[in-house]
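In what follows, a structure is listed as structure tokens, so that the remarks can point back to it.
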Protein chains: 2
Amino acid sequence: MSVANRFLSNATNRIDAKGRVSVPSVFRSVLARTATEELYVYQDFVFPAISVAGPEVLDRFERMIGLQDPFSPEANKMSLLIHGGGVFMKLDGEGRLMMTDFIRDFTGITDRVTFAGRGDHFQLWEPSAFETMQQQARKERMRGTPPPA
Amino acid sequence: MSVANRFLSNATNRIDAKGRVSVPSVFRSVLARTATEELYVYQDFVFPAISVAGPEVLDRFERMIGLQDPFSPEANKMSLLIHGGGVFMKLDGEGRLMMTDFIRDFTGITDRVTFAGRGDHFQLWEPSAFETMQQQARKERMRGTPPPA
DNA sequence: TGGGCCTATATGGGCGTCAATGGGAAATGG
DNA sequence: CCATTTCCCATTGACGCCCATATAGGCCCA
């Protein structure tokens, strides 16, 4: 992947009176370069965060399910997450995203959103939850893993 | 690595009214010699400092993640640090770097920045924090480490 | 070796463009 | 018909790109 086509960094933006929030311009640039109009927005499997990616991520998830027995509990649970826990959305003309209850209930987001790059996608976090989780990750990292050379 | 292509020494520069600060010329020379235009700027894992390196450092981090189960909490937390805690930046025409909130909030930097060479990368510190950390490092240094041959 | 010149570094600021945000009004749909 | 949502347009502050200036340090020459 090109250097520039990765979602990096974090930024916190305000939600306006109509429930809209501007997606940071660095992230919009990546979406533009990869010609991504439709956004697959899903409840993250690990964190209390909403993940935003292109439709190809949903395709990948569905292929993973396809490899399993369709009647197995695992395949059913996975479908429940990626289909029931996901939705397609679009940005408005100014590059803003609507903060629906689907997003708010899962994240605890109220009036501000922290956008966090994750390489091939980005996430929406309740600001203090993001702060807390990042600090915890940093703490745990000092155990066992060698620091960067 | 060539003798000259290492980041050495430290210097403190002023931040101007627009939030810009000149990267010391010795560091810019190293970047020029290694043909590094895009800078991978990330929140350090150990210190309250910002680390600045070439894109190859991000590549190395991503390879470490690639070895793990993508759905594991460990891999996700690591991505939270290297993707969510990192950003690509460029110097302006005069070799200055913009001190964004991404940098200020993490380091406590307000009006001055201490640049510290770290061999294959350099760091941005709040001056007094650097002072303190360096003194402490001197005191605790090399306990258990054999002297150089 | 001392002095002066000269270039590069660090820093300041103008100005145009774009991003983030706010709000009105039309369109949608339940 | 009312409550949202969508589509515009406006505002303000931040940022990128450009040029200006002072000073320190290097360099040359006497």
Side-chain angles (χ1 to χ4, degrees), chain A residues 3-4 7-33 36-39 41 50 52 87-105 109-117 122-125 127 130, chain B residues 4 7-33 36-39 41 50 52 87-105 109-117 122-127 130:
Chain A
V3 165
F7 294 101
L8 290 181
S9 89
N10 68 79
T12 301
N13 286 344
R14 244 184 298 279
I15 300 176
D16 70 17
K18 293 181 177 178
R20 304 169 298 184
V21 63
S22 289
V23 173
S25 126
V26 269
F27 291 176
R28 296 208 308 266
S29 303
V30 176
L31 294 174
R33 278 193 292 271
T36 304
E37 289 272 330
E38 292 276 335
L39 302 176
V41 176
I50 293 289
V52 180
V87 61
F88 278 120
M89 296 184 78
K90 279 186 176 186
L91 301 186
D92 72 9
E94 285 71 42
R96 288 179 284 200
L97 202 54
M98 181 63 92
M99 291 297 101
T100 60
D101 286 344
F102 176 85
I103 294 173
R104 292 175 189 266
D105 293 347
I109 287 169
T110 56
D111 62 332
R112 287 159 26 99
V113 182
T114 294
F115 292 80
F122 65 89
Q123 295 184 320
L124 314 180
W125 286 74
F130 175 74
Chain B
F7 296 100
L8 291 179
S9 87
N10 69 83
T12 301
N13 285 345
R14 241 186 300 279
I15 300 177
D16 71 18
K18 290 180 168 184
R20 304 169 298 185
V21 62
S22 289
V23 172
S25 134
V26 267
F27 291 176
R28 295 208 308 266
S29 302
V30 176
L31 295 174
R33 278 192 293 272
T36 303
E37 288 272 330
E38 292 274 338
L39 302 176
V41 176
I50 295 288
V52 180
V87 62
F88 279 122
M89 296 184 77
K90 280 185 175 186
L91 302 186
D92 72 9
E94 286 72 40
R96 287 178 288 198
L97 204 53
M98 188 69 180
M99 292 298 102
T100 60
D101 285 344
F102 179 87
I103 294 174
R104 293 175 189 265
D105 293 347
I109 287 170
T110 55
D111 61 333
R112 286 155 32 94
V113 183
T114 295
F115 292 80
F122 65 90
Q123 295 184 322
L124 315 181
W125 286 75
E126 195 286 316
F130 176 73

### Message
Under 4.0 Å, counting only non-hydrogen atoms across every strand here, what does B:Val26 touch: a base, just sugar-phosphate, or nothing?
### Response
nothing
### Task
Verify side chain to side chain contact (heavy atoms under 4.5 Å, CB included) between B:Leu91 and B:Leu31, making sure each step is shown before the conclusion.
CA-CA 11 Å; B:Leu91 302 186; B:Leu31 295 174; 4.3 Å; yes
### Task
Answer yes or no: is there a donor N or O on one side and an acceptor on the other, between the side chain of B:Arg112 and the main chain of B:Thr12, under 3.5 Å?
no
### Query
Which whole-number value in Å describes the distance from B:Ile15 CD1 to C:dA10 P?
15 Å
### Task
Take B:Leu8 and B:Val26 through the side chain to side chain contact (heavy atoms under 4.5 Å, CB included) test and state the conclusion after the steps.
CA-CA 8 Å; B:Leu8 291 179; B:Val26 267; over 6 Å; no
### Query
With no hydrogens and no angle check, is any side-chain donor or acceptor of A:Arg14 less than 3.5 Å from a backbone partner on A:Asp111?
no
## Note on the structure
Protein-proximity profile, nucleotides 3-13 of chain D, B/S/- by nucleotide at the 4.0 Å heavy-atom cutoff, equals --SBBBB----
### Task
Would you kindly give the CG-to-P distance between A:Leu97 and C:dA20, to the nearest whole Å?
13 Å
### Task
Taking only the side-chain nitrogens and oxygens of B:Ser22, find out if one of them lies under 4.0 Å from OP1 or OP2 of C:dT9.
no
### Summary
Of C:dT11, C:dT21, C:dA10, the nucleotide closest to the side chain of A:Arg14 is C:dT21
### Query
Do the side chain of A:Asp16 and the main chain of A:Arg20 share a donor and acceptor less than 3.5 angstrom apart?
yes
### Query
Taking atom C1' of C:dA20 as reference, at what distance in whole Å does atom CE of A:Met99 sit?
14 Å
### Query
Given C:dA10, C:dA20, C:dT21, which nucleotide is nearest the side-chain atoms of A:Ser25?
C:dA20
### Task
Kindly indicate whether the side chain of B:Val21, heavy atoms from C-beta on, has any atom under 4.5 Å from the side chain of B:Ile15.
yes
### Whole-Å gap separating P (D:dC17) and CG (B:Asp16)
16 Å
### Message
Just the rounded figure in Å: distance from C1' of C:dA10 to CZ of B:Arg112.
### Response
14 Å
